[in-house]
Amino acid sequence: MGKRKKILLSESDMPTHWYNINADLPAAGIQLPPPLHPGTGQPIGPADLSPLFPMALILQEVSQDRYIEIPDEVQDVYRIWRPSPLIRAYEWEKALGTPAKIYYKYEGGSPSGSHKPNTAVPQAYYNMKEGVKRLSTETGAGQWGSALSFACQMFGLECKVYMVKVSYEQKPYRKVMMQTWGAQVVPSPSPDTNAGRAILAQNPDSTGSLGIAISEAVEDAVMREDTKYALGSVLNHVLLHQTVIGQEAIKQLEIAGADWPDVVVACTGGGSNFGGIAFPFVRENVTGGKQTRIVAVEPSAAPSLTRGIYAYDYGDTAKMAPMVKMHTLGHDFVPAPIHAGGLRYHGMSAQVSALKEAGLIEAVNVQQGAIFQAALSFTKAEGILPAPEPSHAIWGAMQEALKCKESGESKTIVFNMCGHGHFDLGAYEAYMANSLPDFDYPEEAIQRSLQALPTVG
Ligand SMILES: *Cc1c(COP(=O)(O)O)cnc(C)c1O
């Protein structure tokens with residue numbers, strides 16, 4: 001038998017529980033600051049969130065239980081694509097000339113092509129269980145809208161997606177994908193909400209933004225008895241659901257007879273795929289005496305972990321979402337139009353931010369030219385075409401592999417390949433035509449946005 005390329009788990013080895021890092025934060029000396037009400041500045045309680053989310057998810061948001069059982073109905077849907085493969089990047093190692101051993105967890109095999117269904121499916125399930133008939137959400141690049149449309153279809157819910165208008169026009173096939181799962185997709189700003197109508201009255205040609213689309217989706221949910229809202233990243237319950245990734249990876253590394261990883265790398269937008277692969281390894285660092293370095297890679301155009309400050313800020317431009325203590329660039333930060341649309345958020349998960357502040361994880365930022373170079377080096381050797389977002393993780397893994405080449409060390413590197421790039425070929429086309437600009441976010445602009453941070457007592 002030749003070398004083992006893919007390490008596959010059987011369906012019976014799929015995790016039956018999600019791992020909740022809240023349980024182990026105290027052992028790491030971390031107390032997570034509570035989210036605050038955007039109007040009153042007081043800590044929010046379950047009642048504040050109940051117009052938006054079903055109670056099961058609100059309770060997961062604040063749970064301190066180390067493990068939370070994955071309902072059978074959710075596991076049944078997960079089995080469409082889970083367990084996902086862990087793949088050894090032999091050919092890429094050879095191409096890089098590194099003695100490092102590189103493994104990647106491939107989440108691009110899900111129905112919508114990224115890690116996002118790992119949370120969309122349980123979110124749709126818990127809403128269905130509590131009698132909700134319809135979910136509203138926003139989507140930028142279309143990954144989250146696709147995942148939620150799929151999940152709603154699996155549990156018989158209607159789904160309304162407010163898609164940022166510029167993406168709606170640039171990525172028509174993401175919209176068609178959502179429609180195949182029965183979702184209603186409108187370009188945002190839309191005439192369907194007060195928030196959308198107000199923007200259109202001012203500027204009929206508005207190309208929209210994630211902030212506007214969030215306001216529309218939240219208004220939709222608050223105004224209708226039968227509807228709740230769903231968010232695809234940032235919140236504790238979202239990162240919780242994603243921990244199937246890291247738990248599977250640990251089992252797969254054992255099966256492969258791999259050394260315990262020296263470094264785990266993932267990209268960060270709001271922190272969900274990063275938390276998903278990294279938290280089970282953080283657990284082993286905190287409670288199991290392991291010493292894995294854990295590296296978040298973000299774009300230079302939206303460098304919240306590396307250049308933002310750790311402070312309370314609003315989750316959205318319209319100041320409707322709770323204030324969260326996180327690494328932020330300011331809620332009115334407007335990111336440059338880089339192709340990694342999933343990484344253009346001003347803030348970061350509270351859990352990921354607290355780990356960074358405590359020195360338990362590292363973060364670096366990188367320009368988009370470098371990530372496409374890394375992506376092409378990877379795809380030429382390994383064949384799989386990554387989305388621009390995981391190409392940040394690929395770049396991060398490549399830096400570690402090249403350090404090993406220099407030092408001669410044979411370290412074990414694991415990264416999260418959180419989605420394929422089949423809807424991102426326009427970006428590859430532009431890169432290969434040599435026309436991708438780099439963006440450094442100017443320090444003055446960051447300072448200006450940070451001046452609008454709320455003052456919290
Ligand atoms: C949404 C998305 C991201 C960014 O979100 P995180 O919550 O930081 O994971 C990254 N990669 C892909 C493929 C995405 O769809």
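We count residues from 1, following the sequence as given. Read the numbers this way: they start at 1 and go in the same order the structure lists the ligands and their atoms. Computed from heavy atoms alone, side chains included, the values below leave out hydrogens, waters and symmetry copies.
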I'd like to check which ligand 1 atoms, numbered from 1 as shown, lie under 4.0 Å from a non-hydrogen atom of Thr268. 8 (O)
Decide whether an N or O pair under 3.5 Å exists between Gly419 and ligand 1. no
How far apart are the C-alpha atoms of Glu298 and Thr306, what are their side-chain angles, what is the distance that settles it, and do they pass the side-chain hydrogen bond (donor to acceptor under 3.5 Å, both in side chains) test? CA-CA 8 Å; Glu298 59 184 12; Thr306 49; 2.5 Å; yes
May I ask you to check if Arg66 and Tyr19 form a cation-pi contact, with NZ or CZ under 6.0 angstrom from the six-membered ring centre and within 45° of the axis? no
Which of the atoms in ligand 1, numbered in the order shown and given with their element, are less than 4.0 Å from a heavy-atom of Gly342? 4 (C), 5 (O)
Using a 4.0 Å heavy-atom cut-off, which part of Asn273 comes near ligand 1: side chain, backbone, both, or neither? both
Please determine if Lys228 forms a cation-pi arrangement with Phe53, meaning its NZ or CZ atom is less than 6.0 Å from the six-membered ring centre and no more than 45° off the ring axis. no
Under the 6.0 Å and 45° cation-pi test, does Lys290 pair with Trp260? yes
Looking at ligand 1, does His115 have a heavy atom less than 4.0 Å from it? yes
Where ligand 1 meets Glu389 - atom numbers and elements under 4.0 angstrom, heavy-atom basis: 10 (C), 11 (N), 12 (C)
Between ligand 1 and Gly270, is the shortest N or O to N or O distance under 3.5 Å? yes
Donor + acceptor pair across side chains of Asn20, Gln60 (<3.5 Å): no
I want to check something: taking the side chain as every heavy atom from C-beta on, are Cys159 and Arg134 in contact at a cut-off of under 4.5 Å? no
Of the listed options Cys267, Gly108, Ser272, closest to atom 6 (P) of ligand 1 (non-hydrogen atoms): Ser272
Taking 4.0 angstrom as the limit and counting only heavy atoms of Ser233, give me the atoms of ligand 1 inside it, by number and element. 6 (P), 7 (O)
For Glu69 and Tyr126, work out which heavy atoms get closest and say how close. O-OH, 4.2 Å
